[in-house]
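Structure first, then comments.
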Amino acid sequence: MRPMDVGVFLCSTGIDDPFEAATKAAELGLNNCQVGPQPPEFLTAENAAKLRQHLAKLGITPTVVFMGFPGESYASLKAVQETVGFVIEDKVQERQAIAKQVASFAQALGAPAVAAHIGFVPEDSSDPAHGRLVETMREVVDDAKAKGLRFHLETGQETAEGLLQFIKDLDREGSVAINFDPANLILYGKDRPLDAIDVLKDYILSCHCKDAVWPTEEGQLGSEMPLGEGQVDIPAFVRKLKAIGYQGPLTIEREAGDDRIGDILRGKALLEQARDS
């Protein structure tokens, strides 16, 4: 696997089973992947060993394993605020336990990192909720580090400056990185992706190649689009990653649409053209 090889977030294939999704990724000519959130009961050493063997046979490198939690919903901005990540007070201990399961799974799989949407980070560092989230995430990050993994924070639910400040507040230099998703910054109406790269460039070790259009109403999410059809400006996004010396994969994420496989293939061609031009 070379720097900026195109890969896929396995769940983007629309295939729930990660073994079948990986097989499809190989058929599409992809040599790396991120593994999407799996139910807690799937996160066993036995399944990790089987998936590791399957990926190796296909010639696919796992780059990141994503965390997800029962009860999360991305159906609306309100649903995200009320259900996603580690900010839901009565779910913190349960989700920390699942996060540790995911880290053990990723370690056994041979992936170098885990990642998650941690929820809306309070912008005000003096907010007690901000302090609670810092302490919550230190435990998760420290567990990942003990297993030889980095923790990648997904962009989107806060501004780039807000995320950078949160990383500084975590005080876990070398253990925390960013999975940069340009579309999320647009979907949540938070920041301009190309400007955000400049702010976060020292921490970007993985990315989601996803496109979107800005929200049209206050308090609403924007809309995801196939790569090249939204407002990210995918060629400029890839050029910017190259300019900051990004060495990770270009991981396609497609969460919507009736032709996900076609969208992945068209996205692959667009990304390769942008990377090689």
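In this chain, residues are counted from 1 in sequence order. If you're wondering where the values come from, they're calculated on a predicted model, not measured in any experiment.
In this view, Arg52 and Leu109 satisfy the side chain to side chain contact (heavy atoms under 4.5 Å, CB included) rule, not counting sequence neighbours. When the side chain to side chain contact (heavy atoms under 4.5 Å, CB included) test is applied to Leu187, the partners found at least two apart in sequence or on another chain are Asn184, Lys210, Ala212. Residues passing the side chain to side chain donor-acceptor pair (under 3.5 Å) test with Gln93: none are found, sequence neighbours excluded. Listed by chain and number, the residues in a side chain to side chain donor-acceptor pair (under 3.5 Å) with Asp191 amount to none (sequence neighbours excluded). Under the rule for a side chain to side chain contact (heavy atoms under 4.5 Å, CB included), the partners of Asp17 that lie at least two apart in sequence or sit in another chain are Phe19, Glu20. Applying the ring-ring contact (aromatic ring centres under 6.0 Å, His included) test to His117 and every residue at least two apart in sequence or in another chain returns Tyr74. Applying the ring-ring contact (aromatic ring centres under 6.0 Å, His included) rule to Phe69 yields the partners Phe86; only residues at least two apart in sequence or on another chain are considered. Qualifying salt bridge (charged side-chain N to carboxylate O under 4.0 Å, His left out) partners for Lys201, counting only residues two or more places apart in sequence or in other chains: none. Remark: Asp90 engages Ile88 in a side chain to side chain contact (heavy atoms under 4.5 Å, CB included) (not counting sequence neighbours).
The side chain to side chain contact (heavy atoms under 4.5 Å, CB included) test with Cys33 singles out one residue from Thr63, Leu55, Thr13, Val65, and that residue is Leu55.
When hydrophobic clusters are built by joining Ile, Leu, Val, Met, Phe, Trp and Tyr residues whose side-chain heavy atoms come closer than 4.5 Å, directly or via intermediates, Val92 is not grouped with Ile98.
Counting only residues at least two apart or on different chains, the ring pair (Phe, Tyr, Trp, His ring centres under 6.0 Å) pairs with a member in residues 133-180 are His130-Phe166.
Between Arg2 and Asp5 there is a salt bridge, since a side-chain N of the basic residue sits under 4.0 Å from a carboxylate O of the acidic one. Taking 4.0 Å as the cut-off between side-chain N and carboxylate O, Asp263 and Arg266 count as a salt-bridged pair. One finds no salt bridge joining Arg132 and Glu135 here, because no Lys/Arg side-chain nitrogen approaches an Asp/Glu carboxylate oxygen to under 4.0 Å.
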Show the atom names and distances, to 0.1 Å, of all donor-acceptor pairs under 3.5 Å that link a side chain in residues 223-238 to residues at least two apart or in another chain.
residue	atom	partner	partner atom	Å
Glu224	OE1	Glu255	N	3.0
Glu224	OE1	Ala256	N	3.3
Glu224	OE2	Arg254	NH1	3.2
Glu224	OE2	Glu255	N	3.0
Gln231	OE1	Trp214	N	2.7
Asp233	OD1	Ala236	N	3.2

Result block: side-chain N/O donor-acceptor pairs under 3.5 angstrom for residues 270-277, not counting sequence neighbours:
residue	atom	partner	partner atom	Å
Glu272	OE2	Lys268	NZ	3.0
Arg275	NH1	Met4	O	3.0
Ser277	OG	Gln273	O	3.3
Ser277	OG	Ala274	O	3.1

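Looking only at distances, no side-chain donor or acceptor of Gln157 sits under 3.5 Å from a matching main-chain atom of Thr155.
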